[in-house]
> 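The structure follows.
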Amino acid sequence: MLIGYPLGHSISPAFQQAALDHLALPAEYTTMPVPPRRLPEALNGLRGGEFLGANVTIPYKETALLHLDGVDPWAASIGAVNTVVKDGSTLMGYNTDAYGFMTSLKEKAGFEPRGSSALLLGAGGAARAAAFGLAREGVTPLTIANRTLARAQSLAGAVSPGGGSVSAMAMQDPALAATVRNADLIVNATSIGMRHGPDEGAAPFDVQLIKPGSLVYDMVYTPAETPLLAAAKRAGAQALGGLWMLVLQGAAAFELWTRKSPPVGVMYRASQEALASQEARK
Ligand code: NAP
């Protein structure tokens, strides 16, 4: 089950169901739009029924923590859960977003985090997972830039309480230009560039600054080629969109629920088909 609000265009049901069907598991992945006041009730409802668990998405990744019986230490440090696993009537929270992000970064883009520099744009739920994942795997220095500076500062402080090589800046800061030019990795974890969003067609910074040979990672996965990724390719940088992250965080959740090895190729193909059919309907 997917719990969030609203739940407009999620493709998680398509690729999770494809995985369940592929392994002939008699289970259904459903969606449950839950308005804010009803989150405790919705999570509590998981305890009684025949559920394996749930995914939790916007806007509940942080608040869901408060309504679970236990939280995996990694999810607790990140401060957000996207996966709930039911064991008897006990609900445990996990965060598979960081795994999905880091695994796609290393395995699909061949990126070596240790000793590389990174600029992370955004300080919301997706950026939190990325920041903790990058810092844990040795990215240095890590700069977190956000429209609202206070959120970037708070995230940088949480990732590296002693300061160290994690710093924060406002996205509007003129010093962002030099950080873009020097970064081995640039990650967009804002919603800028997302199809049908308020900033469709836009990029989060002046794309002329992208350094050839760097890696530009856009967590946005619709469109498959965002303006940022198109510019990165033109600049001679490597470009990776967010679809692999989405599928790999889902595959890790699937494994936690079912204790079976997830059919990742089946899930990736189903996610592409779901996106294509959404596009065809518009
Ligand atoms: P969120 O918690 O709502 O955070 C949104 C972030 O975008 C905040 O940092 C916000 O800045 C920034 N932002 C929004 N509009 C902006 C604008 N016009 N200019 C500058 N900054 C702007 O959302 P989220 O869950 O972190 O998701 C962020 C993006 O990542 C979304 O596009 C989402 O689809 C994508 N995502 C992808 C995956 C994946 O698996 N590929 C997983 C999760 C999320 P402020 O703090 O200033 O508001």
Side-chain angles (χ1 to χ4, degrees), residues 1-5 7 10 12-13 15-17 19-20 23 25-104 123-137 151 154-161 189 245-262 264 267:
M1 177 186 295
L2 176 64
I3 295 175
Y5 196 76
L7 279 180
S10 174
S12 290
F15 69 74
Q16 292 291 1
Q17 194 61 50
L20 290 165
L23 297 183
L25 297 173
E28 196 184 351
Y29 187 98
T30 55
T31 57
M32 192 186 210
V34 173
R37 276 183 308 109
R38 301 196 53 204
L39 178 68
E41 190 188 326
L43 287 169
N44 215 20
L46 291 176
R47 296 176 202 279
E50 288 197 321
F51 295 103
L52 295 170
N55 277 135
V56 178
T57 187
I58 294 175
Y60 301 132
K61 288 185 181 180
E62 287 159 62
T63 46
L65 274 167
L66 308 172
H67 305 289
L68 303 174
D69 303 305
V71 179
D72 160 77
W74 179 225
S77 347
I78 295 171
V81 296
N82 72 328
T83 302
V84 177
V85 177
K86 180 174 177 264
D87 182 9
S89 62
T90 300
L91 301 181
M92 271 295 289
Y94 295 85
N95 188 308
T96 66
D97 279 335
Y99 166 84
F101 171 68
M102 290 308 298
T103 306
S104 59
R128 279 194 89 77
F132 276 88
L134 290 168
R136 181 160 88 163
E137 299 213 22
R151 287 187 86 194
S154 152
L155 177 55
V159 172
S160 177
M245 172 179 172
L246 183 74
V247 169
L248 290 169
Q249 65 73 31
F254 182 94
E255 190 163 356
L256 286 166
W257 297 321
T258 65
R259 298 184 187 172
K260 305 238 180 272
S261 178
V264 176
M267 296 172 92

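The analysis underlying the following values was restricted to heavy atoms, covering all of them including side chains, and did not include hydrogens, waters or symmetry mates.
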> Do V84 and F51 have side chains that get closer than 4.5 Å, going by heavy atoms?
no

> List the atom pairs, with distances to 0.1 Å, where a side-chain N or O of residues 64-81 and a protein N or O form a donor-acceptor pair under 3.5 Å, not counting sequence neighbours.
unit_1	atom_1	unit_2	atom_2	d
D69	OD1	R47	NH1	3.2
D69	OD2	R47	NH1	2.6
D69	OD2	L91	N	2.7
D72	OD2	W74	N	3.2
D72	OD2	A75	N	3.2
S77	OG	P73	O	2.8

> Any side-chain heavy atom of L155 sitting closer than 4.5 Å to one from R128?
yes

> Write down the atom of A98, the atom of A129, and the distance for their closest heavy-atom approach.
CB-O, 3.6 Å

> Calculate, to the nearest 0.5 Å, the distance between atoms CD and CZ belonging to Q249 and F101 respectively.
13.5 Å

> Enter the distance from W257:CH2 to N55:CG here, rounded to the nearest 0.5 Å.
3.5 Å

> Does Y94 reach the main-chain N or O of A252 with its side chain, forming a donor-acceptor pair under 3.5 Å?
no

> Distance-only, no hydrogens or angles: does the K61 side chain make a donor-acceptor pair with backbone N or O of T63 under 3.5 Å?
no

> Flag the pair Y5 / L39 as yes when at least one side-chain heavy-atom distance between them is below 4.5 Å, and no otherwise.
no

> Roughly how far, to the nearest 0.5 Å, is the OG atom of S12 from the CG atom of L246?
5.0 Å

> Check V159 against A135 and note the closest heavy-atom contact, atom names and distance.
CG1-CB, 3.4 Å

> What's the spacing between L248 CG and D97 CG if we round to 0.5 Å?
11.0 Å

> How close do A19 and F254 get, counting heavy atoms only, and between which atoms?
CB-CE1, 3.5 Å

> With distance as the sole test, does Q17 use its side chain to make a donor-acceptor pair with the main-chain N or O of Y29 at under 3.5 Å?
yes

> Rounded to the nearest 0.5 Å, how far does CG of L43 lie from CD1 of I3?
5.0 Å

> Roughly how far apart are N82 CG and I58 CD1, rounded to 0.5 Å?
11.5 Å

> Using the side chain to side chain donor-acceptor pair (under 3.5 Å) criterion, which residues pair with E50? Sequence neighbours excluded.
none

> So do the side chains of T258 and L23 get within less than 4.5 Å of each other, counting heavy atoms only?
no

> Would you indicate whether M32, at its atom CE, is surrounded by more than 12 heavy atoms from other residues, nucleotides or ligands within a distance under 6.0 Å?
no

> Is there a donor-acceptor contact under 3.5 Å from the side chain of S104 to the main chain of G100?
yes

> Taking side chain as C-beta onward, heavy atoms only, is M267 less than 4.5 Å from Q16?
yes

